[in-house]
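Basis for what follows: all heavy atoms, side chains included, without hydrogens, waters or symmetry-related copies.
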Amino acid sequence: MKEKLAQIREEAIKQIEAAKSLDQLQAVRVSQLGKKGALTELLKGMKNVAPEDRPKVGQLVNETRGEIEKVLEEAKVKMERLVREAKMKSEVIDVTLPAKKNTMGHRHPNTIALEEVERIFIGMGYEVVEGPEVEKDYYNFEALNIPADHPAKDEQDTFYINSDILLRTQTSSTQVHEMEKGNLPIRMIAPGRVFRADEVDATHSPSFHQVEGLVIDKNVTFADLKGTLAQMAKELFGPETKVKFRPHHFPFTEPSAECDVSCFKCGGKGCRFCKGSGWIEILGCGMVHPHVLEMSGIDPDEYTGFAFGIGLERIALLKYEIDDMRLLYENDIRFLKQF
């Protein structure tokens with residue numbers, strides 16, 4: 001029995017000295033002292049020991065267990081110390097080295113332009129309203145006086161999900177939702193993302209942003225529209241900015257117009273920026289078509305209104321003199337940090 005105990009002790013110490021990690025030390029503990037360990041198996045043979053020798057054998061087993069546990073504990077303490085020292089060494093900070101500079105994010109040109117547009121119109125008493133990007137055909141087209149055979153409904157221009165559901169091509173659909181609520185008068189702008197099946201180039205993208213404006217009230221005239229857009233242009237491009245209206249056609253407004261602003265680079269004299277004309281086109285607008293009011297449950301004999309739509313990217317490109325729309329979507333920090 002003594003010989004077996006000596007072998008177990010020697011084997012355990014040998015395994016402990018060979019262990020390279022705390023997990024390996026635990027494995028030695030289990031293999032030698034666990035329920036199925038070598039010492040436990042030896043104790044199971046105590047029934048074959050003469051009764052008068054059992055106390056002496058039990059004492060030898062306990063002494064062997066104690067010796068193994070002592071060596072295990074010493075090895076564990078030493079290994080834990082080595083682990084701590086290695087960790088501390090890896091976490092040493094050299095305070096003489098230059099500090100790492102924190103990289104700060106930058107607001108996107110579109111965000112800056114949108115915040116400025118919202119500030120201008122909120123200052124004039126407008127409410128900012130959001131609408132769904134996935135829209136029904138009715139709200140995107142029919143309720144805006146765009147019949148089924150209108151070119152704008154061609155599948156080459158619109159992303160259709162099915163015959164009735166599409167990705168909105170204009171934020172004007174948000175106006176219809178607001179008019180249907182019947183909470184008059186209405187003074188709102190509706191910024192948001194819109195989608196059209198355009199090829200990507202310097203001035204086009206299949207996904208871009210619009211800011212749609214709508215005013216519905218009694219006795220609203222085209223003069224109110226002109227005054228509103230003139231004030232917006234001065235706030236955006238400078239107090240000397242002038243506006244010019246050219247006749248146009250939109251199905252949901254009558255009369256309709258395109259609005260130009262005097263070139264803020266040359267003061268209207270003509271330059272490369274305005275292509276020599278002295279004017280820059282910025283948006284479309286007009287008086288809300290009576291049929292559009294009727295379809296939304298508003299009496300056109302009692303109420304009138306105007307609407308306008310601004311391309312947010314166009315404002316950003318003009319205001320910050322960016323010549324390629326694709327720069328707005330490439331997330332190049334060298335470009336964005338300029339703003």
Just checking, any donor-acceptor pair under 3.5 angstrom between side chains of [X] and [Y]?
{"X": "S172", "Y": "E212", "result": "yes"}
{"X": "T169", "Y": "N140", "result": "yes"}
{"X": "S207", "Y": "R193", "result": "yes"}

Test of understanding: with ring-ring contact (aromatic ring centres under 6.0 Å, His included), list the residues that count as partners of [X], not counting sequence neighbours.
{"X": "F237", "result": "F264"}
{"X": "Y139", "result": "H177"}
{"X": "F335", "result": "F339"}

Quiz prompt | From CA spacing to verdict: side chain to side chain contact (heavy atoms under 4.5 Å, CB included), I216, L293 | solution = CA-CA 9 Å; I216 303 291; L293 294 174; 3.6 Å; yes

For [X] against [Y], the heavy-atom pair lying closest together:
{"X": "L225", "Y": "G286", "result": "CD2-N, 3.7 Å"}
{"X": "V261", "Y": "A233", "result": "CG1-CB, 3.8 Å"}
{"X": "Q210", "Y": "Q170", "result": "OE1-CA, 3.4 Å"}
{"X": "Q175", "Y": "L214", "result": "CB-CD2, 3.7 Å"}
{"X": "L229", "Y": "C285", "result": "CD1-SG, 3.9 Å"}
{"X": "V292", "Y": "A143", "result": "CG1-O, 3.6 Å"}

Quiz item: Parallel, tilted or perpendicular for H291 and H289, by the 30°/60° rule?
Solution: perpendicular

Less than 3.5 Å apart, which donor and acceptor atoms pair up between the side chains of residues 112-133 and the rest of the protein, not counting sequence neighbours?
residue	atom	partner	partner atom	Å
E115	OE1	R107	NH1	2.2

Hey, what do you get for [atom1] ([X]) to [atom2] ([Y]), rounding to the nearest 0.5 Å?
{"X": "D217", "Y": "I186", "atom1": "CG", "atom2": "CD1", "value": "9.5 Å"}
{"X": "L166", "Y": "D137", "atom1": "CG", "atom2": "CG", "value": "5.5 Å"}
{"X": "S262", "Y": "K234", "atom1": "OG", "atom2": "NZ", "value": "10.0 Å"}
{"X": "L82", "Y": "K87", "atom1": "CG", "atom2": "NZ", "value": "15.0 Å"}
{"X": "S205", "Y": "R196", "atom1": "OG", "atom2": "CZ", "value": "11.5 Å"}
{"X": "T158", "Y": "L167", "atom1": "OG1", "atom2": "CG", "value": "9.5 Å"}

If you draw a 6.0 Å radius around [atom1] in [X], do more than 12 non-hydrogen atoms from other residues or ligands fall strictly inside?
{"X": "K319", "atom1": "NZ", "answer": "yes"}
{"X": "N219", "atom1": "CG", "answer": "no"}
{"X": "E199", "atom1": "CD", "answer": "no"}

Quiz item: Less than 4.0 Å between a side-chain N and a carboxylate O, is that true for R246 and D260?
Solution: yes

Quiz item: Thinking salt bridges, do E73 and K76 make one under a 4.0 Å N-O criterion?
Solution: no

Quiz item: Going by the ring-ring contact (aromatic ring centres under 6.0 Å, His included) test, which pairs reach into residues 202-222, not counting sequence neighbours?
Solution: F222-F245

Quiz item: Do K218 and L184 pass the side chain to side chain contact (heavy atoms under 4.5 Å, CB included) test, and can you show the C-alpha distance, the side-chain angles, and the key distance before you say yes or no?
Solution: CA-CA 9 Å; K218 295 179 180 180; L184 302 173; over 6 Å; no

Indicate yes or no: at least one non-hydrogen side-chain atom of [X] is less than 4.5 angstrom from one of [Y].
{"X": "R81", "Y": "K78", "answer": "yes"}
{"X": "Q231", "Y": "V243", "answer": "no"}
{"X": "K244", "Y": "C259", "answer": "no"}

Quiz item: Linking I/L/V/M/F/W/Y whenever their side-chain heavy atoms sit closer than 4.5 Å, directly or via other members, would L283 and W279 fall into one cluster?
Solution: no

Self-check item: Path from V200 to L317 over hydrophobic side-chain contacts below 4.5 Å
Solution: no

Quiz prompt | Derivation of the side chain to side chain contact (heavy atoms under 4.5 Å, CB included) call for V220 and F306 | solution = CA-CA 7 Å; V220 175; F306 63 77; 3.5 Å; yes

Exercise answer: donor-acceptor pairs, residues 326-334 side-chain atoms, under 3.5 Å, sequence neighbours excluded:
residue	atom	partner	partner atom	Å
R326	NE	D324	OD1	3.0
R326	NE	D324	OD2	3.4
R326	NH2	D324	OD2	2.9
Y329	OH	E313	OE2	2.5
D332	OD1	R334	N	2.9
D332	OD1	R334	NE	3.1
D332	OD2	R334	NE	3.4
D332	OD2	R334	NH2	2.8

Exercise. Take R314 and I280, measure what side chain to side chain contact (heavy atoms under 4.5 Å, CB included) needs, and give me the verdict at the end.
Key: CA-CA 11 Å; R314 182 162 184 75; I280 302 171; 3.9 Å; yes

